[in-house]
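Everything below concerns the one structure shown next.
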Amino acid sequence: MNEQLCGTSRIYGCRFSLYPMCDNFIEVIKTALREVDTSKVWIKTDNVSTCVRGRNEHVFDVVKAIYLHAAKTGVHVVLNGSFSVGCPGDSEGDVYLSEDDVLLNEEKSKDISIETAMQFALYPMGVPHYMDVIMDGVKTAKEQGVFVAGVHYATHLDGDTHTIFRTIKDAFLSSQKEASHVVMTVNLSANSPSTKRKPGDGK
């Protein structure tokens, strides 16, 4: 493991914006937020995005559940976000690191089956072998059967939402063993009316 330290907190976080492509987008977003139990994370929503912070399992649980509850409406939904761990000075909400590992939303969301297209990119900070760390993340996606293709500045995945979130979580957790500060950007899309095509074909 890389011993370089970046701040003292190992709190995980995700800042994301949710975009339901419909006239009643406000209600879709608010309903999704109401249906998700966020009591084990620090969460704050402003007029641009929502930030979730805490233990990694609860951060991923909450973000996945919000996305699923919005997507289950059948409207085209996009989620754009950034996960981070090890950011210098990142300490607000550290109390949530004392929560247990029981997921609060898995039981309610596990039967929501939504096909998702995702593009994600890993950014291991401050390590010279960053490309090796990134390629290990891509290998994880291939092993879990959701890898489609490498595209400019990202890796494209297609598959069930639960599998895709497990894949990016595994890739993210694995990479932070090599770099103390890691950022992962994600862009998810469900129920798109667009014809499915090979990523990056430009047609």
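- Separating the NZ atom in Lys139 from the CG atom in Asp170 is a distance of 13.5 Å, to the nearest 0.5 Å.
- Note that CG of Asp136 is 6.0 Å distant from OG of Ser174, once rounded to the nearest 0.5 Å.
- Annotation: ring pair (Phe, Tyr, Trp, His ring centres under 6.0 Å) contacts of Phe83 (sequence neighbours excluded): Phe60.
- Summarising the geometry, atom OG1 belonging to Thr163 is positioned 12.0 Å from atom CG belonging to Asp158; distances are rounded to the nearest 0.5 Å.
- Taking the side chain as every heavy atom from C-beta outward, Thr155 and Gln119 never approach each other to under 4.5 Å.
- Residue Asp46 places its CG atom among more than 12 non-hydrogen atoms of other residues, nucleotides or ligands, all under 6.0 Å distant.
- When side chains are defined from C-beta on, Phe16 does not count as touching Asn80, because their heavy atoms never get closer than 4.5 Å.
- Taking a cutoff of 4.0 Å between a charged side-chain nitrogen and a carboxylate oxygen, Glu35 and Lys30 do not qualify as a salt bridge.
- At a threshold of 4.0 Å, the pair Arg55-Asp100 does not count as salt-bridged, since none of the basic side-chain nitrogens sits closer than that to a carboxylate oxygen.
- The minimum heavy-atom distance linking Leu18 with Ile66 is given by the pair CD2-CG2, 4.0 Å.
- Annotation: the span from His76 atom NE2 to Ser194 atom OG amounts to 6.5 Å, rounded to 0.5 Å.
- Side-chain contact of His69 with Thr31: a donor-acceptor pair under 3.5 Å is absent, judged by distance alone.
- By the neighbour-count criterion of 12 heavy atoms within 6.0 Å, atom CZ of Phe25 is sparsely surrounded, having that number or fewer from other residues, nucleotides or ligands.
- No continuous path of ILVMFWY side-chain contacts below 4.5 Å connects Leu104 to Ile11, so the two sit in separate hydrophobic clusters.
- Ala190 approaches Ala71 most closely through the heavy-atom pair CB-CB, 3.9 Å.
- Note on Phe172: it does not cluster hydrophobically with Val133, by side-chain heavy-atom contacts below 4.5 Å among ILVMFWY residues.
- Remark: Thr161 engages Lys64, Tyr67, Leu68, Ile114, Thr116, Phe165 in a side-chain contact (heavy atoms from CB on, under 4.5 Å) (not counting sequence neighbours).
- Using a 4.5 Å heavy-atom cutoff, the side chains of Glu115 and Asp160 are in contact.
- Connection of Tyr19 to Val186 is not established within any shared hydrophobic cluster, with ILVMFWY side chains joined at heavy-atom distances below 4.5 Å, either directly or through further cluster members.
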side-chain contact (heavy atoms from CB on, under 4.5 Å) between His58 and Leu103, intermediate numbers included: CA-CA 6 Å; His58 298 310; Leu103 302 180; 3.9 Å; yes
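- When all heavy atoms of Asp61 and Glu106 are compared, the closest pair comes out as OD1-N, 3.5 Å.
- Proximity of Val52 to Trp42: side-chain heavy atoms (C-beta onward) are nowhere separated by under 4.5 Å.
- For the pair Ser175 and Tyr123, the minimum side-chain heavy-atom distance is 4.5 Å or more.
- Side-chain atoms of Ser189 and Val77, non-hydrogen and from C-beta on, never get closer than 4.5 Å to each other.
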Mind running side-chain contact (heavy atoms from CB on, under 4.5 Å) on Phe120 and Asn187 for me, showing each step along the way? CA-CA 6 Å; Phe120 82 103; Asn187 201 2; over 6 Å; no
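- For Leu173, the side-chain contact (heavy atoms from CB on, under 4.5 Å) test picks out Tyr12, Asn56, Lys169, with sequence neighbours left out.
- A donor-acceptor pair shorter than 3.5 Å can be found between the side chains of Ser49 and Arg15.
- Proximity of Leu79 to Ser17: side-chain heavy atoms (C-beta onward) are nowhere separated by under 4.5 Å.
- Note that the CD atom of Gln144 and the CD1 atom of Ile168 stand 10.5 Å from one another [nearest 0.5 Å].
- Residues Val85 and Ile43 fall within the same hydrophobic cluster, defined by Ile, Leu, Val, Met, Phe, Trp and Tyr side chains chained together at heavy-atom separations under 4.5 Å.
- Expressed to the nearest 0.5 Å, how far CD1 of Ile164 lies from CZ of Arg166 amounts to 10.5 Å.
- Among all heavy-atom pairs drawn from Ser180 and Arg10, the shortest one is O-NH1, 2.7 Å.
- Inter-residue side-chain proximity for Met21 and Val78 is flagged as met; some heavy-atom pair is nearer than 4.5 Å.
- Met118 and Ile112 end up in different hydrophobic clusters when Ile, Leu, Val, Met, Phe, Trp and Tyr side chains are linked at under 4.5 Å.
- Between Val59 and Gly54 the shortest heavy-atom distance is CG2-N, 3.5 Å.
- Between Thr50 and Thr45 the shortest heavy-atom distance is OG1-OG1, 2.8 Å.
- Using modelled atom types and a 3.5 Å distance limit, the side chains of Asp37 and Asn105 yield no donor-acceptor pair.
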